[in-house]
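Naming convention: chains lettered A, B, ... in sequence-line order (proteins, then strands); numbering from 1 in each chain.
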Amino acid sequence: MVNYITQSKELTALKEKLKDLPYVYLDTEVAVKDFEKVDYFNDKVRLIQIGTQEDIFVIDAFKVERDTLKEFLKEVLESKGIVGHNLKFDLKFLATNFDVYPKVVFDTFIASKILAKGDNSQKHSLSAVAVRLTDEEVDKTYQTSPWWVENLTKEQIEYSAKDIEVLRSIFREQVVRLNEEQTHLKSSGETYKVFGVVNPVAALEMAFLPCLVSIELSGIPIDEKQLSNLIKNSKTTFQNLYIEFKRKYYIDPFSPQQVANFLTKKLGLKLPKTEKGSFSSQDVHLKPYEDKPEVKTLLSIRYEKKTLDKLEELSKYVKNSRVYGEFKQIGASTGRMSSYKPNLQNIPKNLKSIFRAPDGYLFIIADYSQIELRIAAEYTKDKSMIKAFQEKKDLHKLTASVITGKDYQEITKEERNLAKAINFGLIYGISPKSLVEYAKNNYDIDITLSQAKTFHENFFNFYPKFKEWHENVKNYLEKHKFIQVETLLGRKLIAYKFTDAVNYPIQGSGSDLLKMAVVLFYKSLLDLDAKVVNLVHDEIVVEVKQEDVDKVQEILSQSMEKAGRYLLKEVPVEFEINVSKSWSKE
DNA sequence: TACGGTAGCTCG
DNA sequence: GTACGAGCTACCGTAC
């Protein structure tokens with residue numbers, strides 16, 4: 001039954017009706033004119049649909065009295081579980097419109113992504129999930145109908161209620177499927193108590209969701225003055241270089257064709273070909289010719305342009321000296337988040353200093369050290385690697401001594417860098433051939449193919465469980481064509497390629513770890529004036545009131561440590577923590 | 001003119 | 001036999 005609520009007094013009766021329920025279904029309709037430009041701070045929530053197993057209540061936020069509604073929502077939604085689809089959207093609006101912050105949630109959008117196990121062909125809209133899991137269909141025609149008009153049509157009200165019906169069926173099916181997953185860890189937290197979900201990955205993601213809502217609503221502080229100055233200066237520098245270049249060489253430095261032609265014909269440079277057969281003028285291929293002024297200027301032009309573009313992109317998203325970006329909670333099939341509008345996870349190192357905490361505040365910047373190697377050691381149970389980490393050895397140096405046969409103490413910086421390349425590359429199944437390229441491009445180290453082969457071999461002989469792991473995966477794949485692999489928490493992927501199968505558990509466990517650390521951090525924060533403002537795969541950036549720095553730093557350390565101990569039983573985790581006025585550690 | 005794919009660069 | 005995961009911009013060919 002659908003109840004359309006337009007009068008404040010009806011809320012009292014509704015509150016009584018919902019009193020004993022552990023959770024409700026929730027959806028909202030927001031008066032957004034252009035869904036490309038959702039403004040979480042200014043757009044208005046029109047309808048709040050609350051569903052029980054039997055009934056659906058559609059509350060018209062434009063009709064009922066504001067304060068009564070706020071009080072009602074706070075009392076009801078913060079005291080029980082919430083089931084919804086893509087709840088980050090609804091939760092952000094509940095926060096900005098009504099100051100309401102539900103903490104115990106189940107998001108069918110997130111659940112659907114977890115259940116997909118990396119199948120990127122699956123879509124996760126409410127209607128796509130409904131078709132896949134139930135026999136119901138959803139008509140989205142009214143989603144973008146005018147939700148701001150004074151009197152809504154009967155169709156609009158019915159549409160808004162229909163989503164709740166679909167949500168019920170999806171939710172029930174997802175809980176069954178999530179709980180069917182084989183897992184060695186079982187969740188016993190809120191997600192279990194309220195929704196009956198034992199799946200630990202789902203439990204983590206659902207606990208993480210409200211944290212992510214807080215992160216997005218916080219934004220990250222930026223020094224607006226420094227930003228505009230940088231843009232101004234960078235513009236001038238770039239324009240001067242650009243005009244000078246065109247005047248001198250009569251070509252456009254941004255036309256790949258003209259540049260390639262100029263470099264090869266006029267300067268006689270030897271450049272490799274791209275896939276399509278044209279000459280490639282990538283920075284890395286031009287680096288060796290940096291002593292030529294034409295090349296040097298060209299590289300500078302590119303550098304300035306990149307800086308300028310990035311700064312201008314950032315400035316598009318600045319409001320009140322903060323950048324409000326968005327995250328996809330499961331942006332990669334490994335469970336990693338991705339960041340967009342703008343992407344705050346690929347800010348060039350040299351620009352991080354423009355992110356500055358406001359007066360009276362500081363950043364705490366924490367990142368896990370060599371986390372993927374530690375996870376690989378834990379995952380493979382390789383004795384040598386575990387021992388090295390337990391003894392707090394520098395693993396890159398150790399690998400360097402293993403592959404070169406030199407003494408651990410005598411490893412040079414260059415050898416350590418080479419080992420770094422090998423350590424990372426070999427986790428992901430790099431071939432000796434690619435290793436040569438990789439060492440060259442990323443560390444500017446020249447090795448021959450036969451050297452690479454030797455290093456490859458020495459590495460696998462010293463870390464035998466690594467070899468075994470790769471061989472097992474390879475053999476299994478040859479026989480079965482696909483393999484299900486999982487992270488330390490139990491996040492799953494069906495892999496068809498060797499490199500995916502070996503990469504996933506490592507990268508995926510890293511994302512389990514970071515999300516868990518953030519959840520634990522928020523749980524212990526209580527009323528301290530601190531909030532997470534960015535997450536970059538193995539890094540947590542917290543903005544904190546100056547006087548709370550010590551306490552918050554301690555809580556953050558303990559959270560990262562605890563998450564580490566929960567997921568890694570044999571290998572210790574380590575992390576760096578810095579307190580700084582800006583994101584660059586200074 | 002709009003869209004999709006590719007190359008190239010940034011980060012982890 | 002294959003290093004992995006993202007987002008953003010500019011360019012370029014194709015379709016309308």
Side-chain angles (χ1 to χ4, degrees), chain A residues 118 120 252-260 272-286 299 302-314 316-317 325-352 367-373 375-376 420-439 441-442 452 456 459 470 473-474 477-478 485 487 493 495-511 513-514 534-541 583:
Chain A
N120 291 323
D252 181 351
F254 294 111
S255 161
Q257 246 183 344
Q258 290 181 34
V259 168
K273 295 274 182 83
T274 64
E275 296 239 335
K276 284 192 170 174
S278 45
F279 286 110
S280 165
S281 67
Q282 270 183 62
D283 283 6
V284 29
H285 301 131
L286 297 189
L299 288 174
R302 285 180 177 174
Y303 177 81
E304 285 300 331
K305 181 78 163 78
K306 272 181 305 200
T307 307
L308 184 58
D309 281 354
K310 193 77 206 184
L311 291 171
E312 285 184 325
E313 191 212 339
L314 274 176
K316 283 198 297 193
Y317 299 95
E326 294 189 48
F327 291 91
K328 290 181 195 163
Q329 186 172 335
I330 300 180
S333 52
T334 55
R336 270 191 178 184
M337 288 201 291
S338 68
S339 162
Y340 65 107
K341 292 201 309 188
N343 185 347
L344 293 168
Q345 293 181 322
N346 72 345
I347 303 293
K349 290 188 177 84
N350 64 320
L351 293 184
K352 290 194 174 176
D367 54 295
Y368 282 109
S369 313
Q370 300 166 14
I371 195 59
E372 297 205 329
L373 280 173
I375 291 166
K420 204 167 161 182
I422 292 173
N423 277 335
F424 285 119
L426 290 192
I427 293 176
Y428 308 134
I430 200 171
S431 63
K433 196 173 138 238
S434 308
L435 182 60
V436 175
E437 289 296 305
Y438 180 70
N441 293 344
N442 293 277
H456 201 263
F459 178 95
H470 281 193
V473 171
K474 238 176 230 167
L477 267 176
E478 263 167 31
V485 290
T487 65
L493 171 81
Y496 297 86
K497 277 162 54 199
F498 169 73
T499 51
D500 287 348
V502 292
N503 173 55
Y504 179 89
I506 310 304
Q507 198 178 104
S509 299
S511 86
L513 177 69
L514 193 80
N534 203 6
L535 295 173
V536 196
H537 311 310
D538 62 359
E539 177 183 13
I540 303 176
V541 184
W583 189 8

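- Residue A:Glu313 places no side-chain atom within donor-acceptor reach of the base of C:dC8, judged by atom type and a 3.5 Å distance cut-off alone.
- The side chain of A:Asp309 sits closest to C:dA10 out of B:dG12, C:dA10, C:dG7.
- Proximity note for A:Asn503 (side chain, C-beta onward) versus C:dG7, B:dG12, C:dG5: the nearest is C:dG5.
- When rounded to the nearest whole Å, the span between CD of A:Glu304 and P of B:dT10 equals 13 Å.
- Nucleotide C:dC16 has no partner under the Watson-Crick or G-U criteria, as no pair reaches both atom distances under 3.5 Å.
- Atoms CG (A:Asn350) and P (B:dC9) sit 15 Å apart, rounded to a whole Å.
- Two residues are said to be in side-chain contact when any heavy atoms from C-beta on lie closer than 4.5 Å; A:Lys352 and A:Val541 fail this criterion.
- Between the CG atom of A:Leu299 and the P atom of B:dC9 there is a distance of 9 Å, rounded to whole Å.
- A:Ile347 is listed as a side-chain neighbour of A:Leu314, based on a closest heavy-atom distance under 4.5 Å.
- When both distances must be under 3.5 Å, the Watson-Crick or G-U wobble mate of B:dC9 is C:dG7.
- At whole-Å resolution of the value, CZ in A:Phe424 and C1' in C:dC4 are 12 Å apart.
- For the atom pair CD (A:Gln370) and NZ (A:Lys420), the distance works out to 8.5 Å, reported to the nearest 0.5 Å.
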Inset, instruction - Verify side-chain contact (heavy atoms from CB on, under 4.5 Å) between A:Phe424 and A:Ile430, making sure each step is shown before the conclusion. - result: CA-CA 9 Å; A:Phe424 285 119; A:Ile430 200 171; over 6 Å; no
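- OP1 or OP2 of B:dT10 has at least one side-chain nitrogen or oxygen of A:Lys306 nearer than 4.0 Å.
- Side chain of A:Lys341, nearest nucleotide from C:dC8, C:dG5, B:dT10: C:dC8.
- Under 4.0 angstrom from either OP1 or OP2 of C:dG7 there lies at least one side-chain N or O belonging to A:Lys328.
- Annotation for A:Tyr303: atom OH does not count as buried by contact number, only 12 or fewer foreign heavy atoms lying within 6.0 Å.
- A:Phe498 comes within 4.0 angstrom of a base, heavy atoms only.
- At C:dA3, one or more side-chain N or O atoms of A:Ser434 fall inside 4.0 Å of OP1 or OP2 (strictly under the cut-off).
- Within 4.0 Å of A:Tyr504, counting heavy atoms only, lies no atom of the nucleic acid at all.
- One can place CG of A:Leu435 at 14 Å from P of C:dC4, the figure rounded to the nearest angstrom.
- Counting any heavy atom pair closer than 4.0 Å across all strands shown, A:Asp500 reaches sugar-phosphate atoms only and no base atom.
- Close to C:dG1, at under 4.0 Å from its OP1 or OP2, lies no side-chain N or O of A:Ser431.
- The side chain of A:Asn343 lies closest to C:dC8, out of B:dG12, C:dC8, B:dC11.
- Residues A:Lys310 and A:Glu313 form a side-chain contact, since some pair of their non-hydrogen atoms from C-beta on lies under 4.5 Å apart.
- Nucleic acid contact class of A:Ser333 (heavy atoms, under 4.0 Å, all strands): sugar-phosphate only.
- Rounding to whole angstrom units, CE of residue A:Met337 and C1' of B:dC11 are separated by 14 Å.
- Counting atom types as modelled, A:Arg302 pairs no side-chain N or O with a base atom of B:dG8 as donor and acceptor under 3.5 Å.
- Side-chain contact between A:Val536 and A:Trp583: present, with at least one pair of heavy atoms (C-beta onward) separated by less than 4.5 Å.
- Taking the P atoms as reference points, B:dA7 lies 16 Å from C:dA3, given to the whole Å.
- A close approach under 4.0 Å does occur between a side-chain nitrogen or oxygen of A:Lys305 and OP1 or OP2 of C:dA10.
- Between A:Thr499 and C:dA3 there is no side-chain N or O to OP1 or OP2 distance below 4.0 Å.
- Listed pair A:Lys352 / B:dC11 fails the phosphate criterion, with no side-chain N or O lying under 4.0 Å from OP1 or OP2.
- For A:Gln329 and C:dA6, the CD to P distance is 16 Å, given to the nearest whole Å.
- Whole-Å rounding puts the A:His537 NE2 to C:dG7 P distance at 10 Å.
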